[in-house]
Amino acid sequence: MKFIVYGAGALGSLFGALLSTKHDVLLVGREEHIKAIEKNGLKIEGATKGIFYPKVKWDGSRYDVVLLTTKSYDTRKAVKEIKEKFGKIAVLSLQNGLRNEEIIAEEMGMEYALGGITSHGATFLQAGKIYHAGKGETVIGELNGKITERIRKIVEAFNECGIETKISRNIKKEIWRKAIINSAINGLTAVLRCKNGEILRDAHAEKLLEEICKEGIRVANAEGVGVGNEVIQKAKEIAYKTADNISSMLQDILKGKKTEVEEINGEIVKIAKKHGIEAPLNEFLTYAIKAMENVRHLG
């Protein structure tokens with residue numbers, strides 16, 4: 001198959017590198033990163049090791065699918081750019097947040113939007129070099145729940161390149177589950193400025209994780225997405241398995257960058273208000289983390 005990875009940071013570069021071992025892959029990302037890959041290849045350390053050589057220059061040929069791995073606040077801008085440069089093409093979101101697939105559908109057309117989640121951990125080290133922090137499962141699906149030929153082909157391509165992937169008939173539910181878990185782990189670690197595992201080492205932090213998850217579950221169910229309390233245990237499992245990881249939201253705070261809190265916790269708050277219910281913990285995390293992006297900290 002022919003894949004474009006749009007927004008090739010840490011995660012996108014990882015997927016692009018692995019897929020390039022058996023498929024035609026074009027990476028689109030920041031100029032410095034792309035130039036380094038063109039010159040020396042894409043170096044990966046950690047759970048995956050090696051140097052990979054995906055394409056970095058478009059030859060004008062038609063591609064099958066775009067893997068969208070930009071930050072969720074850049075989704076609309078990215079999809080408009082993809083449409084302008086590559087025309088109408090299937091776009092598979094592997095991003096955080098709750099509205100990416102909806103935005104893809106609005107800009108590109110419903111039939112071109114695909115949803116996905118992944119628990120692979122990747123960190124950007126420097127231009128041309130990333131760290132694969134840990135392997136995880138990837139789940140993708142059509143928004144209408146159908147098992148189409150294109151979704152089968154993408155899953156087959158992913159699996160044959162070592163990206164363990166399953167098809168979901170209810171990808172919206174999977175996206176909500178991940179968003180709820182992210183709202184708790186990312187939100188808490190950003191505010192507490194700790195690694196993921198610290199949440200489980202303190203009774204107060206663990207209680208907060210549980211209550212944030214319960215709040216997200218109530219909102220998901222009000223939205224008509226059947227999410228159960230199993231998400232709480234799943235969040236704890238992920239915090240345990242990624243105990244030494246620094247969440248992406250905390251990484252952004254530490255680097256003085258914009259976070260995805262509005263697209264995760266903030267979106268849960270918006271949907272809660274739409275249904276006339278309260279989401280005070282997510283609301284607090286949204287305001288607190290937005291303030292942390294802008295308020296100058298003491299040393």
Side-chain angles (χ1 to χ4, degrees), residues 1-7 11-12 15 19 62-84 86-120 136-159 163-183 216-217 219-228 231 234 260 262-264 266-268 270-272 274-275:
M1 286 189 76
K2 297 184 71 172
F3 294 94
I4 297 168
V5 179
Y6 205 90
L11 182 68
F15 272 67
L19 287 168
R62 181 78 180 165
Y63 278 75
D64 299 312
V65 61
V66 175
L67 307 185
L68 186 59
T69 54
T70 62
K71 291 289 192 179
S72 52
Y73 49 73
D74 283 331
T75 298
R76 194 175 299 279
K77 176 174 173 282
V79 177
K80 285 180 176 178
E81 290 171 355
I82 291 163
K83 187 177 177 182
E84 185 178 331
F86 302 105
K88 292 253 184 162
I89 182 171
V91 179
L92 168 60
S93 168
L94 291 171
Q95 304 157 282
N96 292 325
L98 283 169
R99 289 200 67 241
N100 298 300
E101 296 75 19
E102 192 178 317
I103 293 167
I104 294 165
E106 287 170 6
E107 295 293 337
M108 192 73 74
M110 179 64 77
E111 67 272 29
Y112 295 97
L114 300 167
I117 60 166
T118 185
S119 55
H120 280 274
E137 188 179 76
T138 300
V139 183
I140 68 172
E142 297 277 0
L143 300 189
N144 60 12
K146 292 181 179 178
I147 310 271
T148 60
E149 185 62 23
R150 71 175 175 183
I151 212 77
R152 281 199 189 97
K153 283 183 177 178
I154 295 167
V155 167
E156 186 181 330
F158 279 23
N159 280 315
I163 304 168
E164 185 185 330
T165 308
K166 294 179 180 177
I167 299 174
S168 172
R169 287 186 179 272
N170 190 351
I171 196 62
K172 188 174 182 181
K173 181 177 179 178
E174 299 297 335
I175 290 165
W176 262 95
R177 282 163 55 93
K178 184 184 179 187
I180 292 166
I181 292 166
N182 279 347
S183 73
I217 291 163
V219 177
N221 289 328
E223 184 72 353
V225 183
V227 176
V231 171
K234 185 69 175 176
E260 294 177 298
E262 287 182 280
E263 289 74 25
I264 301 172
E267 199 59 37
I268 290 172
K270 284 181 189 173
I271 294 165
K274 182 179 79 174
H275 294 289

### Query
Are side-chain heavy atoms of Leu68 and Ile82 found at a separation under 4.5 Å?
yes
### Message
My understanding is that only residues two or more places apart in sequence, or in another chain, count here; which of them pass side-chain hydrogen bond (donor to acceptor under 3.5 Å, both in side chains) with Thr138?
### Response
Thr118
### Task
Just jot down the side-chain contact (heavy atoms from CB on, under 4.5 Å) partners of Ala179, sequence neighbours excluded, or say none.
Leu98
### Message
I'd like to check the side-chain hydrogen bond (donor to acceptor under 3.5 Å, both in side chains) partners of Lys274; sequence neighbours left out, ordered by chain and number.
### Response
Glu223
### Task
Only counting residues at least two apart or in another chain, list the ones meeting side-chain contact (heavy atoms from CB on, under 4.5 Å) with Tyr63.
Lys2, Ile4, Asp24, Leu26, Lys55, Trp58, Ser61, Ile89
### Message
Please enumerate all residues that pass side-chain contact (heavy atoms from CB on, under 4.5 Å) together with Glu149, with sequence neighbours excluded.
### Response
Arg152, Lys153
### Query
Just wondering, do Ile104 and Ser93 contact through their side chains at under 4.5 Å, heavy atoms?
yes
### Query
Does Arg169 have any side-chain hydrogen bond (donor to acceptor under 3.5 Å, both in side chains) partners at least two apart in sequence or in another chain, and if so, which?
none
#### Entry: Side-chain touch Arg150/Leu114, heavy atoms, less than 4.5 angstrom
yes
### Query
How close do Ile217 and Ile180 get, heavy atom to heavy atom, and via which atoms?
N-CD1, 3.8 Å
### Task
Mind checking salt bridge (Lys or Arg N to Asp or Glu O under 4.0 Å) for Glu263 and listing every partner two or more places apart, or none if nothing turns up?
none
### Summary
Rounded to the nearest 0.5 angstrom, the CD1-NZ distance for Ile117 and Lys178 is 6.5 Å
### Query
Got a sec, which pairs hit ring pair (Phe, Tyr, Trp, His ring centres under 6.0 Å) with one end in residues 87-120, sequence neighbours left out?
Phe15-His120, His120-His132
### Query
Under the side-chain hydrogen bond (donor to acceptor under 3.5 Å, both in side chains) test, which residues partner Thr70, sequence neighbours left out?
Gln95
#### Entry: Partner set under salt bridge (Lys or Arg N to Asp or Glu O under 4.0 Å) for Glu106, not counting sequence neighbours
Arg76, Arg99
#### Entry: Rounded distance (nearest 0.5 Å) linking atom CD1 of Ile154 with atom CD1 of Ile163
11.5 Å
### Query
Partners of Lys270 by side-chain contact (heavy atoms from CB on, under 4.5 Å), sequence neighbours excluded?
Glu267
#### Entry: With Glu81 via salt bridge (Lys or Arg N to Asp or Glu O under 4.0 Å) - residues at least two apart
Lys77
